[in-house]
Protein chains: 2
Amino acid sequence: MMSPRVTPADRRPWDSVREQLHDRGLRWTPQRRAVVDVLATTEGHITGSELIERCRARETKVVPSTVYRTLDVLEQLGLVRHGHGADGREEFHVGAAAEHGHLHCDRCGRHWEIDEPRASAVAEVFGGIGFAVDPSHVTIVGVCAECRTA
Amino acid sequence: MMSPRVTPADRRPWDSVREQLHDRGLRWTPQRRAVVDVLATTEGHITGSELIERCRARETKVVPSTVYRTLDVLEQLGLVRHGHGADGREEFHVGAAAEHGHLHCDRCGRHWEIDEPRASAVAEVFGGIGFAVDPSHVTIVGVCAECRTA
DNA sequence: CGCACTACTGCAATCAGTTGCAACAGCGTG
DNA sequence: CACGCTGTTGCAACTGATTGCAGTAGTGCG
């Protein structure tokens, strides 16, 4: 099956942000463009403050509250998902990373994505009691293999 | 060996805090007493700011930084564990609640403890790749049975 | 009992994130 | 192409949490 698992819409979801906003009666502004530009060139994770900094580096004038409010909107459109790192700070998951939960090592601070079979396994554990796990919002903390042997 | 699974130290861990501190060369101060007093009468969860407020209500003069620093110390003694609620704010788990992970419903905001068999099941999922899950630090987000049918 | 060592506290500054509000500016209309 | 509706921005104030630092005060020792 050569069926592409990734459709164009999945690959370039950012291209249509403007239209998606329009469709909901929302507006396309320079500030939102700055945020989207940064996100479009980000794969994986980015924290709120990091995003703000990168927007500012892009000359566009943005203020934190605007960035956070824009992120709320983008999350409603399903373009990003937010979670909280091990230290509780906000962390936005972009692209493929938005689909998976994460494993966080308490010792070295690194993190990994939870792959599909394991995500399903976790979901199954709680499916029995009727609880539908949101796989993208799961962060499991522990100690990674390397740190354990070290 | 009828080894009791719960020793007196487990049941009343707060009684010996002072000694535990002493053993590590740490000190017993009015502020720490206030924090411990509040925690000793708390079962389950408490947020940082809630704890501060309750300490202040106890007449003792405490300042936020001291409370948070005291919590760090108590966490090192294993008397509390901290996690982060769905909104990322700090949440301290006290007593029995410190032992379990939590299930959080994104819709109604309620949460439940993850029971032993299920905690083990989750741990097992990642044991295969050498990752040792810290069961007390797990918070799984999703939608609970009630909200799903509603 | 009083001294000294050093852990601990309080303060003030700072960071991350949120919110209310008045002014601003997309963008559809006429 | 100007107008105006209403979504959006920036500001300022605020909450929760953290940190550096100077002064304070537990605690062991003589």
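Each chain gets a letter, A, B and so on, in the order its sequence line appears, and its residues count up from 1. Please read all numbers here as calculations on a predicted model, not as lab measurements.
Taking the charged nitrogens against the carboxylate oxygens, A/Asp115 and A/Arg118 do have a contact shorter than 4.0 Å, which makes a salt bridge.
In this structure, the NZ atom of A/Lys61 is 5 Å from the P atom of D/dC11, given to the nearest Å. The interatomic distance linking B/Leu26 (CG) with C/dT9 (P) rounds to 10 Å, in whole Å. If you take CG of B/Leu74 and P of C/dA7, they are 17 Å apart, rounded to a whole angstrom. Atom CD in B/Glu53 sits about 12 Å away from atom P in D/dA17, given to the nearest Å. Atoms NE2 (A/His82) and C1' (C/dA16) sit 14 Å apart, rounded to a whole Å. The distance from atom CZ of A/Phe92 to atom C1' of C/dA16 is 11 Å, rounded to the nearest whole Å. A/Arg33 has its CZ atom 18 Å from the C1' atom of C/dA25, to the nearest Å. D/dA17 atom C1' lies 14 Å from atom CD of B/Glu75, rounded to whole Å.
Between the A/Arg148 side chain and the A/Val143 main chain, no donor and acceptor come within less than 3.5 Å of each other. Formation of a donor-acceptor pair under 3.5 Å by the B/Thr47 side chain with backbone atoms of B/Glu50 is found in this model.
A/Arg27 contributes no side-chain N or O that forms a donor-acceptor pair with the base of C/dG28 under 3.5 Å. The base of D/dG16 lies outside donor-acceptor range of the side chain of A/Arg89, with no N or O pair under 3.5 Å. The base of D/dG7 lies outside donor-acceptor range of the side chain of A/Arg69, with no N or O pair under 3.5 Å.
Counting any heavy atom pair closer than 4.0 Å across all strands shown, B/Arg18 reaches sugar-phosphate atoms only and no base atom. Using a 4.0 Å heavy-atom cutoff across all strands shown, A/Gly88 reaches no nucleic acid atom at all.
OP1 or OP2 of C/dG10 sits under 4.0 Å from a side-chain N or O of B/Thr66. Between D/dT18 and B/Tyr68, no contact under 4.0 Å exists linking OP1 or OP2 to a side-chain N or O. For A/Gln31 and D/dG10, the shortest distance from a side-chain N or O to OP1 or OP2 is below 4.0 Å. For the pair A/Ser49 and C/dA16, the criterion of a side-chain N or O lying under 4.0 Å from OP1 or OP2 is met. Between A/Ser65 and D/dT9, a side-chain N or O to OP1/OP2 separation shorter than 4.0 Å is absent.
Counting only heavy atoms from C-beta outward, the side chains of B/Arg54 and B/Thr41 approach each other to under 4.5 Å.
Annotation for A/Val94 and A/Thr42: closest pair CG1-O, 3.6 Å, computed over non-hydrogen atoms.
Along DNA chain D, the nucleotide closest to B/Glu50 and the one closest to A/Thr29 are compared, and the more 5′ of them pairs with A/Thr29.
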